[in-house]
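All remarks here apply to the structure that follows.
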Amino acid sequence: MDMGTQNQRFRTVRNIKAVESERLNLQSKIDSLKKIDERRKLGQFSTPINLAREIISYGLKIHSCSEISFIDPAFGTGAFFSALLSEIEKMKKSIIKATGIEIDKTVFNFATSLWGESDIKLINADFTKIDNKGEKYNFLVCNPPYVRHQIIGNEQKSDLRKRIRNETNFDISGLAGLYCYFILLSYKWLAPGAVCGWLLPSEFMDVNYGDTIKEFLLNRVRLIRIHRYNPEESKFCDALVSSCVVWFKNEVTANDYEIEFSYGGTHEKPIITKSIKKSFLMEERKWTRFPEKGLRIRVSTNLTLGDFFDIKRGIATGDNNFFILTKEQIQELGIDMSFFKPILPSPRYLKTDEVFADSLGFPMLDKQYFLLDCSMPEEEIQIKYPELYKYLKSGISTTAKRYLCRNRNKWYFQEKREPTHFLCTYMGRSNGQNTLPFRFILNHSKAIVTNSYLMLYPKDDISYLIQSKPDIVKSVWNALKSISAENFESEGRIYGGGLKKIEPKELAKVECHELAKIFSDMMFK
C-alpha cells in the first residue's frame with residue numbers, strides 16, 4: 001500500500017501526540033513486567049523519545065531521498081517510528097514503506113496493538129536470522145540490543161559468526177556484543193545510498209573486538225559522522241553505558257575523505273566538532289580520542305608500561321562471598337588456615353594506597369581477608385579435612401552452579417596468581433580535570449587481589465634490578481602515580497556516568513617517562 005500520505009492519514013485516525021503518550025505508557029508497563037536484570041540480559045533499553053527525535057531529525061536532514069523506506073531491526077514499542085512520524089513532514093519527505101522487527105513476543109504484541117492502523121509491517125522474529133527476501137530500505141535507524149558476549153550462548157555465537165562470514169566475508173571476535181552482529185547483518189537490507197544511524201555503546205571504538213566494525217565502517221560503507229554523548233549525562237537511566245550515534249551511507253569511495261566527530265550536546269548543537277581523515281582513522285586504534293584530542297604521532301622510542309611489566313587481571317573467584325572469608329569466619333568454621341592465602345579487599349574498601357605487612361606477610365589492615373585456595377580432589381578432602389569438605393558441600397547447590405565455577409575442572413579451583421608490589425585499580429572516576437581515574441597501590445604484603453585490580457609483574461631484567469636495589473620500589477610506585485590522566489584516558493575507555501575502565505592490554509600501552517628514566521639511570525650506573 002502506498003504510504004506517501006501516511007502521516008496525514010495517520011493523524012486523521014489518531015493524533016500522533018496521543019499515540020506517543022500511549023506508547024510511553026505501554027513502555028512503562030513492559031518495563032514493569034520484567035526485572036532490570038532480565039532486561040539487561042536481553043539488552044532491552046528503550047530509547048527516550050526526545051533522543052529518538054533528535055536522531056531521526058538529523059538522519060532525515062542528511063538523507064537525499066524525498067521518499068523514505070524505513071526499517072528498525074530492533075523495533076521495541078516503536079520510539080524511532082514515532083519520531084519519524086513526528087519529524088518527516090517538517091522535512092517535506094514522505095514514507096513509502098516501513099518495517100519493524102521485534103524478537104520479544106510480548107513487546108511485539110504491544111507494538112501491534114499500538115501501530116496496527118499505521119501501515120507499518122511489524123515482524124515478530126530474530127533479526128539476526130530472518131531472510132530479507134531481497135527487500136531493501138534506504139533509511140535504517142536502530143538502537144540494537146546491548147547484550148554482552150558472555151550472555152550469548154556458544155551455539156548462538158557460533159551461528160552468528162558463521163552468518164557474518166557468509167554474508168559479509170568478515171570475521172568477528174567471539175568477544176563482540178550482540179549489537180555488532182546487528183550492524184553487520186543489516187548490510188543485506190540496505191539499498192544503494194541508504195542512510196543508517198545506529199545508537200551504540202561507544203566502547204566499540206576502543207576495544208579489540210570493535211576492529212571488525214571499524215573495518216566495516218571504513219571499507220564497506222562511507223562513514224559520515226560519529227556523535228558521542230557526554231558519558232556523565234547518560235541517555236539511559238537503566239544502563240551504565242556511554243552512548244554514541246554512528247552515521248554511514250551505503251556507498252564506497254576509493255578516495256580519502258573527512259569524517260565528522262562530535263561530542264556532547266546534541267547532533268544540532270554539539271559542544272565540540274572535528275573532522276578526521278579516513279586515512280588517519282585507519283591508523284588510530286582509539287577513536288574516542290576524537291574530537292576532543294588531536295592526532296597522535298607515535299614515537300617508536302617512547303616506552304610504555306608493557307615494556308617494564310607483565311600485566312594481568314586479578315583473579316575472578318566466581319563467588320567472592322563464598323571463597324573470600326575473614327579470619328574470624330575461618331576460625332568459626334574450623335577450617336585449616338593452610339587452605340587460605342591473604343587477599344586485599346576491593347578498592348572501594350581499601351582506604352590506603354600503601355599496604356604494609358605483618359610478620360606473616362599478611363596485610364596490616366583493620367580487617368584481613370583470605371581466599372579459599374584448594375586444589376585437592378573432593379574425595380581426599382572428605383577423608384582428611386571434614387570441616388573444609390562440609391563447607392564446600394554447602395556451596396554445591398549455589399556457588400558451584402555459577403558460570404565461572406561450573407566451567408572449571410573442579411568448581412572450587414582458583415586461578416593462580418603470585419603477589420606483586422604493584423597494583424592498579426581498573427575502574428574509577430576522576431574527581432577533577434587532572435586527577436587520575438585509577439589508583440596505583442604499593443603492596444608490601446603477600447596478598448593477591450581479585451579482578452577489581454590489575455597486577456603489574458616486573459619483567460625479568462626489571463625484577464633483577466628491583467631485587468638488587470629494593471629501595472627503588474617506592475620510586476617505581478611514585479613514577480607510576482606520575483602518569484597523567486590524559487595518558488590513561490588515551491588508552492582506556494569510558495562508560496555512562498563518567499565511569500572509566502582500563503584493561504591489561506590497554507594499561508600496557510600507557511607511556512611512563514618517569515619510569516623509563518629510573519631504569520635507564522640504574523642500567524647505566
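The first residue of the sequence shown is numbered 1, and numbering continues consecutively from there.
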Q: Step through the shown structure and confirm whether more than 12 heavy atoms of other residues, nucleotides or ligands are within 6.0 Å of NZ on K278.
A: yes
Q. So among E102, K29, R23, E22, which one has a side-chain hydrogen bond (donor to acceptor under 3.5 Å, both in side chains) with T77?
A. R23
Q. Do L281 and L218 come close enough that some side-chain heavy atom pair is under 4.5 Å?
A. yes
Q. Can the ring centroids of Y457 and F422 be said to lie less than 6.0 angstrom from one another?
A. no
Q: Decide if the gap between the ring center of F370 and the ring center of F340 is smaller than 6.0 angstrom.
A: no
Q) Hey, does W247 have a side-chain heavy atom less than 4.5 Å from the side chain of I226? A) no
Q | Minimum-distance pair of heavy atoms, taken over all atoms of C424 and F438 | A | SG-CB, 4.0 Å
Q: Specify the closest pair of heavy atoms between F413 and M376, including all atoms of both residues, with the distance to one decimal.
A: CE1-O, 4.0 Å
**Q.** Reported CD1-to-OG1 distance for the pair I324 and T450, which is rounded to 0.5 angstrom
**A.** 6.0 Å
Q) What's the spacing between M205 CE and I213 CD1 if we round to 0.5 Å? A) 12.5 Å
Q: Report yes or no: is the cationic atom of R439 (NZ for Lys, CZ for Arg) under 6.0 Å from the centre of the six-membered ring of Y426, at an angle within 45° of the ring normal?
A: no
**Q.** E135 and K188 ion-paired at < 4.0 Å
**A.** no
**Q.** K416 bridged to D373 by N-O distance under 4.0 Å
**A.** yes
Q) Looking at OG1 of T420 and CZ of F309, how far apart are the two atoms once the value is rounded to the nearest 0.5 Å? A) 7.5 Å
Q: Count the heavy atoms of every other residue, nucleotide or ligand shown that sit under 6.0 Å from OH of Y349, and state whether that count exceeds 12.
A: no
(Q) Applying the side chain to side chain contact (heavy atoms under 4.5 Å, CB included) criterion to V141, which one of I56, D72, T47 satisfies it? (A) I56
Q. Should L454 and I311 count as side-chain neighbours, where that means a heavy-atom distance under 4.5 Å?
A. yes
Q) Is there a side-chain contact (heavy atoms from CB on, under 4.5 Å) between L122 and F108 once you walk through the steps? A) CA-CA 8 Å; L122 296 178; F108 171 79; 3.7 Å; yes
Q: Indicate the ring-plane relationship of W115 and F81, choosing parallel, tilted or perpendicular according to the 30° and 60° boundaries.
A: perpendicular
(Q) Heavy-atom count check: over 12 atoms from other residues, nucleotides or ligands less than 6.0 Å from D131 CG? (A) yes
Q. Does K410 come within less than 4.0 Å of E378, counting only side-chain N to carboxylate O?
A. yes
(Q) Tell me if the CG atom of N166 is crowded by more than 12 foreign heavy atoms within 6.0 Å. (A) yes
**Q.** NZ (K390) with more than 12 external heavy atoms under 6.0 Å
**A.** no
Q: Please tell me if the side chains of I441 and L350 come closer than 4.5 Å, counting only heavy atoms from C-beta onward.
A: yes
Q | E155/K157 ion pair, N-O < 4.0 Å | A | no
Q. Can you tell me how far CZ of R402 sits from SG of C405, rounded to the nearest 0.5 angstrom?
A. 7.5 Å
Q: Go through L199 and Y146 one step at a time and tell me if the side-chain contact (heavy atoms from CB on, under 4.5 Å) criterion holds.
A: CA-CA 10 Å; L199 177 57; Y146 181 51; over 6 Å; no
Q: Using modelled atom types only, decide if a donor and an acceptor are shared between the side chain of N109 and the backbone of T106 within a distance under 3.5 Å.
A: no
Q. Is the side chain of N138 donor-acceptor paired with the backbone N or O of E67 at a distance under 3.5 Å, no angle test?
A. yes
Q. Judged by atom type as modelled, is there a donor-acceptor pair below 3.5 Å linking the side chain of T168 to the main-chain atoms of R165?
A. no
Q: Decide side-chain contact (heavy atoms from CB on, under 4.5 Å) for L344 and L423; before the verdict, give the C-alpha distance in whole Å, the side-chain angles of both, and the deciding distance to 0.1 Å.
A: CA-CA 11 Å; L344 295 183; L423 307 170; 3.6 Å; yes
Q: With K97 as the cation and Y137 as the aromatic partner, state whether NZ or CZ is under 6.0 Å from the six-membered ring centre and within 45° of the axis.
A: yes
Q. Looking at Y453, does the NZ or CZ of R313 lie under 6.0 angstrom from its six-membered ring centre and within 45 degrees of the ring axis?
A. no
Q: State, without any angle test, whether E20 and S82 hold a side-chain donor-acceptor pair at a distance under 3.5 Å.
A: yes
Q) With a cut-off of 6.0 Å (strictly less than), are more than 12 heavy atoms of other residues, nucleotides or ligands near NZ of K136? A) yes
Q: Please report the closest heavy-atom contact between N250 and L190, naming both atoms and the distance.
A: ND2-O, 3.4 Å
Q. Hey, does Y229 have a side-chain heavy atom less than 4.5 Å from the side chain of Y263?
A. no
Q | Aromatic ring pairing H227/H267, orientation class (parallel under 30°, perpendicular over 60°, tilted between) | A | tilted
(Q) Please determine whether a side-chain nitrogen of the Lys or Arg among E491 and R285 lies less than 4.0 Å from a carboxylate oxygen of the Asp or Glu. (A) yes
Q: Just say parallel, tilted or perpendicular for the rings of H63 and F139, cut-offs at 30° and 60°.
A: perpendicular
Q.
Looking only at side-chain N and O atoms, does S262 offer a donor or acceptor that is under 3.5 Å from a partner on R225?
A. yes
Q: Output all residues satisfying side-chain hydrogen bond (donor to acceptor under 3.5 Å, both in side chains) with Q414, sequence neighbours left out; order by chain, then residue number.
A: none
Output a table of donor-acceptor pairs, distance under 3.5 Å, between side-chain atoms of residues 171-187 and any protein atom two or more places apart or on a different chain; print 'none' if there are none.
from: S173; atom 1: OG; to: L175; atom 2: N; distance (Å): 3.0
from: Y179; atom 1: OH; to: Y209; atom 2: OH; distance (Å): 3.3
from: S186; atom 1: OG; to: I183; atom 2: O; distance (Å): 2.7

(Q) Restricting to non-hydrogen atoms, name the atom on F80 and the atom on C142 that form the minimum distance, rounded to 0.1 Å. (A) CE1-C, 3.8 Å
Q: Indicate the ring-plane relationship of F204 and W287, choosing parallel, tilted or perpendicular according to the 30° and 60° boundaries.
A: perpendicular
Q: Look up atom CD in E387 and atom CD1 in I381, then write down how far apart they are to the nearest 0.5 Å.
A: 12.0 Å
Q: Assess whether side-chain contact (heavy atoms from CB on, under 4.5 Å) is satisfied between R228 and F290, documenting all intermediate values.
A: CA-CA 9 Å; R228 189 161 58 91; F290 309 119; over 6 Å; no
Q | V252 vs N219 side-chain heavy atoms within contact, under 4.5 Å | A | no
Q. Minimum heavy-atom separation for L325 to N321, with atom names?
A. CD2-O, 4.2 Å
**Q.** Donor + acceptor pair across side chains of N320, T317 (<3.5 Å)
**A.** yes
Q) Which atom pair, heavy atoms only, marks the closest approach of G59 to V195? A) O-CG1, 4.3 Å
Q: Drop me the distance from C374's SG to E380's CD, to the nearest 0.5 angstrom.
A: 8.5 Å
(Q) Could you tell me if the side chain of R408 sits less than 4.5 Å from the side chain of R406, heavy atoms only? (A) no
Q.
Tell me whether K459 at atom NZ has more than 12 heavy atoms from other residues, nucleotides or ligands lying less than 6.0 Å away.
A. yes
Q.
Check K286 with E506, please: is the shortest side-chain N to carboxylate O separation under 4.0 Å?
A. yes
Q.
Is the distance from the ring center of F323 to that of Y412 below 6.0 Å?
A. no
Q. Does the side chain of R163 come within less than 4.5 Å of K129's, by heavy atoms?
A. yes
